[in-house]
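The block underneath contains the structure these notes are about, expressed in structure tokens.
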Amino acid sequence: MDMNEPEVKTVHDLVIRNATLVDGLGNPRREGESLGVRDGRIAAMGPDVGRGAEEVDAAGRVLCPGIVDLHTHFDAQLTWDGYATPSVELGVTTVVAGNCGFTIAPCREADRDRTLRNLTHVEGMSLDALRTGVDWDFESYPEYLAMLERKGAVPNVACFVGHSSVRTYVLGEEASSRPATREEVAEMKRLVVDAMNAGAIGFSTTTLEQHNGENGIPMPSRLADEHEMFELTGALGEVGKGVFMLTKGMTSTVPWLEEIAARNGRPVMIAAMFVDPNDPERVFRELDEIGDAKGRGRELWGQVGCFPLGMEFCLSHPYPLEALLAWRPAMEAASGGEFRRILSDASFRDAVKAEARTVGVPLRFSYHQWDHMRIMEAARPENGELVGRVVGDLAREAGKDPFDWFLDHCLDGEMDSLVDCHMFNVDEDRVKELLEHPHGVLGLSDAGAHLSFLCDAGFGLHMLGHWARDRADMTLEHAVQAVTSRLADVYRIRERGRLEVGACADLLLFDPGSVGRGDRVRKWDLPAGASRVHTPARGVHGVWVNGHRVANDDGIMKNGARPGKVLRDFTD
């Protein structure tokens with residue numbers, strides 16, 4: 001060997017050169033750096049890390065950890081779509097499924113269709129797509145995780161064990177109609193403990209009044225009494241791990257959730273914390289209560305969103321209006337003539353109007369929403385000039401109450417025509433306060449759910465583009481940390497959400513000048529040809545999961561690779 005010949009440095013599986021590294025930990029960016037990957041982990045970072053079997057020139061773009069999405073509903077979709085469409089192409093490398101207790105495991109064969117019909121309603125999913133797509137090669141929760149591992153996934157996947165599924169497994173068709181006996185609660189707790197020991201990230205539930213299944217029947221978890229809630233959340237304390245995630249209704253106070261945290265010594269994640277125009281200070285009062293609880297040594301978090309919560313819907317499937325208790329007669333009615341009769345009934349309309357004017361009822365449709373609702377489609381040619389108009393303006397011009405104008409308009413041939421409504425988080429200056437709040441954690445993408453109405457799976461790209469670049473309300477380093485390590489750490493997800501030697505090589509390469517999410521489009525690529533709303537990625541040039549590239553400049557790479565891991569091992 002020629003002693004003057006330079007020593008060849010370590011060969012990596014992958015080297016990304018000439019990048020601006022933003023490590024996800026809040027440290028200042030480092031320009032002109034390289035990153036080497038070996039065996040799915042970050043092996044080296046610096047100006048020169050040696051050669052790679054595969055090399056990528058970042059051309060000065062930002063390289064950061066892949067986005068972590070804490071609030072998805074991919075439980076059913078992952079059984080037919082290992083790509084978790086569209087999250088991966090939007091920079092997400094780890095998804096947490098099973099939120100709000102809306103899971104599909106455990107599930108007996110006799111309860112399968114009931115479970116799907118409830119998901120169709122509460123999470124806005126196509127029943128035909130679910131019936132066609134879901135692979136029921138499991139019954140128990142451990143069997144469900146094992147099936148996901150056999151099938152493989154592109155992103156990393158962590159899953160909650162969900163209250164409504166556990167309750168249905170034990171109570172069957174009575175799960176949404178009565179309290180559980182002490183013996184049934186004990187059996188539910190056993191199932192939760194088994195799920196936690198199998199690798200669940202925690203236990204999830206909902207007490208939100210508008211979380212209803214088919215025909216307006218409450219989702220099963222809403223029938224739980226205090227004993228049941230204390231026992232099932234107590235499973236986390238018994239096994240000494242896991243997060244309790246709850247979507248909070250009116251009766252679930254922060255002090256009550258603090259008591260649960262005190263009993264179990266486990267983190268409590270509270271959703272959904274939006275700025276509600278009907279009571280804009282409520283969310284900040286509750287975050288202050290969370291801060292008080294933390295001061296007493298209890299770990300509570302408020303899950304906040306970075307978008308206006310908005311969705312497309314039509315009166316034949318009016319998801320936002322179904323949050324109103326007075327809307328229940330319409331939900332319970334059969335379709336067709338009876339449904340139309342109720343919508344025309346003056347007493348029904350009066351009750352809906354009165355509830356919508358009530359101040360202090362959280363996260364319900366109110367009169368504030370009419371000025372944020374636009375006509376998207378018109379079935380009748382004479383209504384074409386209304387497309388793009390605001391419903392509140394149209395009602396004022398007609399001298400009518402907005403409910404009367406909207407219901408009359410839809411009943412006159414526009415029942416299936418879409419409107420677009422921004423409901424919460426519409427005041428961005430107040431949303432900025434949420435995003436900066438020390439007790440808030442970013443989530444609420446609802447990826448995998450409400451596919452016919454919205455697509456907020458690109459929340460991370462929106463943080464990087466809108467909040468860090470366009471509004472400049474935070475540094476890029478802060479925005480990256482908010483969608484990566486902060487989320488992984490709160491949920492005790494090991495070795496992800498950070499660029500550091502030894503961490504898993506989940507990576508996102510993007511152009512900071514153009515990163516964001518594109519305009520909404522509709523795609524017909526679900527099972528049975530069902531449609532979904534999509535917002536394509538902008539400025540994304542690469543996504544890697546455990547060191548394997550899964551997206552490039554053209555989007556997702558459907559090359560058969562399934563590098564994601566089913567995550568089962570979390571820190572205490």
Side-chain angles (χ1 to χ4, degrees), residues 98-103 106 118 122 141 160-196 200 202-213 217-273 282 285-286 289-290 292-294 296-303 323 325 360-364:
N99 285 272
C100 312
F102 305 150
T103 54
N118 280 340
V122 75
Y141 184 88
F160 282 106
V161 57
H163 192 170
S164 285
S165 291
V166 168
R167 201 170 207 274
T168 300
Y169 193 85
V170 175
L171 275 72
E173 62 183 14
E174 297 181 326
S176 288
S177 62
R178 67 170 176 84
T181 66
R182 294 295 174 107
E183 292 76 16
E184 289 167 335
V185 170
E187 176 62 10
M188 283 190 269
K189 184 176 183 179
R190 183 191 67 78
L191 292 173
V192 174
V193 169
D194 286 349
M196 294 302 303
F203 171 70
S204 68
T205 190
T206 181
T207 57
L208 188 65
E209 290 76 12
Q210 48 264 55
H211 271 161
N212 299 301
I217 297 171
M219 288 299 288
S221 67
R222 289 185 48 209
L223 275 291
D225 58 19
E226 186 171 80
H227 170 72
E228 180 177 330
M229 292 295 290
F230 282 156
E231 285 296 297
L232 299 191
T233 57
L236 305 184
E238 185 172 310
V239 300
K241 59 184 178 180
V243 177
F244 172 43
M245 180 273 161
L246 168 132
T247 299
K248 190 175 78 65
M250 286 186 293
T251 60
S252 302
T253 66
V254 173
W256 179 69
L257 293 169
E258 181 184 354
E259 182 178 354
I260 288 177
R263 284 168 172 254
N264 305 321
R266 302 307 308 163
V268 176
M269 177 62 72
I270 306 168
M273 306 199 82
R282 175 186 56 81
R285 292 193 300 269
E286 291 182 340
E289 290 182 312
I290 289 172
D292 293 342
K294 281 190 169 182
R296 292 184 284 268
R298 320 302 182 196
E299 187 179 351
L300 279 70
W301 299 95
Q303 193 169 134
L325 298 179
V361 179
L363 301 185
R364 289 195 183 164

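As the structure is a prediction and not an experimental result, all values here were calculated from the model. Note: hydrogens, waters and symmetry copies are ignored here, and every other heavy atom, side chains too, is used. Throughout, residue positions are numbered sequentially from 1 according to the sequence presented.
- Using a 4.5 Å heavy-atom cutoff, the side chains of Thr205 and Glu228 are not in contact.
- Classified by interplanar angle (parallel below 30°, tilted 30° to 60°, perpendicular above 60°), the ring pair Phe244/Phe203 is parallel.
- To the nearest 0.5 Å, the span separating OG1 on Thr253 from NZ on Lys248 amounts to 7.5 Å.
- A distance of 9.0 Å separates CE of Met196 from CZ of Phe160, quoted to the nearest 0.5 Å.
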Discussion item. Run the side chain to side chain contact (heavy atoms under 4.5 Å, CB included) test on Val254 and Ile290 for me, step by step, so that the C-alpha distance in whole Å, both residues' side-chain angles and the decisive distance to 0.1 Å come before the verdict.
Written reply: CA-CA 7 Å; Val254 173; Ile290 289 172; 4.0 Å; yes
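- Applying the salt bridge (Lys or Arg N to Asp or Glu O under 4.0 Å) rule to Lys241 yields no partners; only residues at least two apart in sequence or on another chain are considered.
- At least one side-chain heavy atom of Val239 sits less than 4.5 Å from a side-chain heavy atom of Val193.
- With a 4.5 Å cut-off on side-chain heavy atoms, Glu258 and Val268 do not count as touching.
- Every residue two or more places apart in sequence or in another chain that forms a salt bridge (Lys or Arg N to Asp or Glu O under 4.0 Å) with Glu173 is listed here: Arg114.
- Looking at Thr103, its side chain never comes within 3.5 Å of a backbone N or O of Gly98 through a donor-acceptor pair.
- Checking side-chain atoms of Thr168 against main-chain N and O of Ser165 turns up no donor-acceptor pair under 3.5 Å.
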Discussion item. As a quick check of understanding, evaluate side chain to side chain contact (heavy atoms under 4.5 Å, CB included) for Glu231 and Met188, giving each step before the final call.
Written reply: CA-CA 9 Å; Glu231 285 296 297; Met188 283 190 269; over 6 Å; no
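- The shortest non-hydrogen separation linking Ala224 to His163 is CB-CE1, 3.6 Å.
- Residues Cys100 and Ser204 have side chains not in contact (no heavy-atom distance under 4.5 Å, counting atoms from C-beta outward).
- Pairs of residues two or more places apart, or lying in two chains, that qualify as salt bridge (Lys or Arg N to Asp or Glu O under 4.0 Å) and include a residue from residues 261-272 are Glu259-Arg263.
- With sequence neighbours excluded, no residue satisfies salt bridge (Lys or Arg N to Asp or Glu O under 4.0 Å) with Arg298.
- With salt bridges taken as basic N to acidic carboxylate O contacts below 4.0 Å, one links Arg190 and Asp194.
- Of the N and O atoms on the side chains of Trp301 and Gln303, not one donor lies less than 3.5 Å from an acceptor on the other residue.
- In this structure, CG in Asn99 is found 7.0 Å from OG1 in Thr247, a value given to the nearest 0.5 Å.
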Discussion item. Let's go through Ile270 and Glu286 carefully: what are the C-alpha distance in whole Å and the side-chain angles of both, what is the deciding distance for side chain to side chain contact (heavy atoms under 4.5 Å, CB included) to 0.1 Å, and is it a yes or a no?
Written reply: CA-CA 10 Å; Ile270 306 168; Glu286 291 182 340; 5.9 Å; no
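- No side-chain heavy atom of Pro218 sits under 4.5 Å from any side-chain heavy atom of Glu209.
- In this structure the side chain of Pro106 reaches within 4.5 angstrom of the side chain of Val166, judged on heavy atoms.
- Met219 places none of its side-chain heavy atoms less than 4.5 Å from the side chain of Arg167.
- Under a cut-off of 6.0 angstrom, the local environment of CZ in Arg182 is sparse, with at most 12 non-hydrogen atoms contributed by other residues, nucleotides or ligands.
- When all heavy atoms of Asp225 and Pro179 are compared, the closest pair comes out as OD2-CB, 4.5 Å.
- When all heavy atoms of Ala235 and Val192 are compared, the closest pair comes out as CB-CG1, 3.6 Å.
- How far CG of Leu246 is from CD1 of Ile260: 7.5 Å, rounded to the nearest 0.5 Å.
- You'll find the side chain of Trp256 stays beyond 4.5 Å of the side chain of Thr251, heavy atoms only.
- Applying the salt bridge (Lys or Arg N to Asp or Glu O under 4.0 Å) rule to Glu289 yields no partners; only residues at least two apart in sequence or on another chain are considered.
- Under the rule for a ring pair (Phe, Tyr, Trp, His ring centres under 6.0 Å), Tyr141 has no partner lying at least two apart in sequence or in another chain.
- Atom CG of Leu300 sits about 8.0 Å away from atom NZ of Lys294, to the nearest 0.5 Å.
- In this structure, OG on Ser221 lies 9.0 Å from NE2 on His211, to the nearest 0.5 angstrom.
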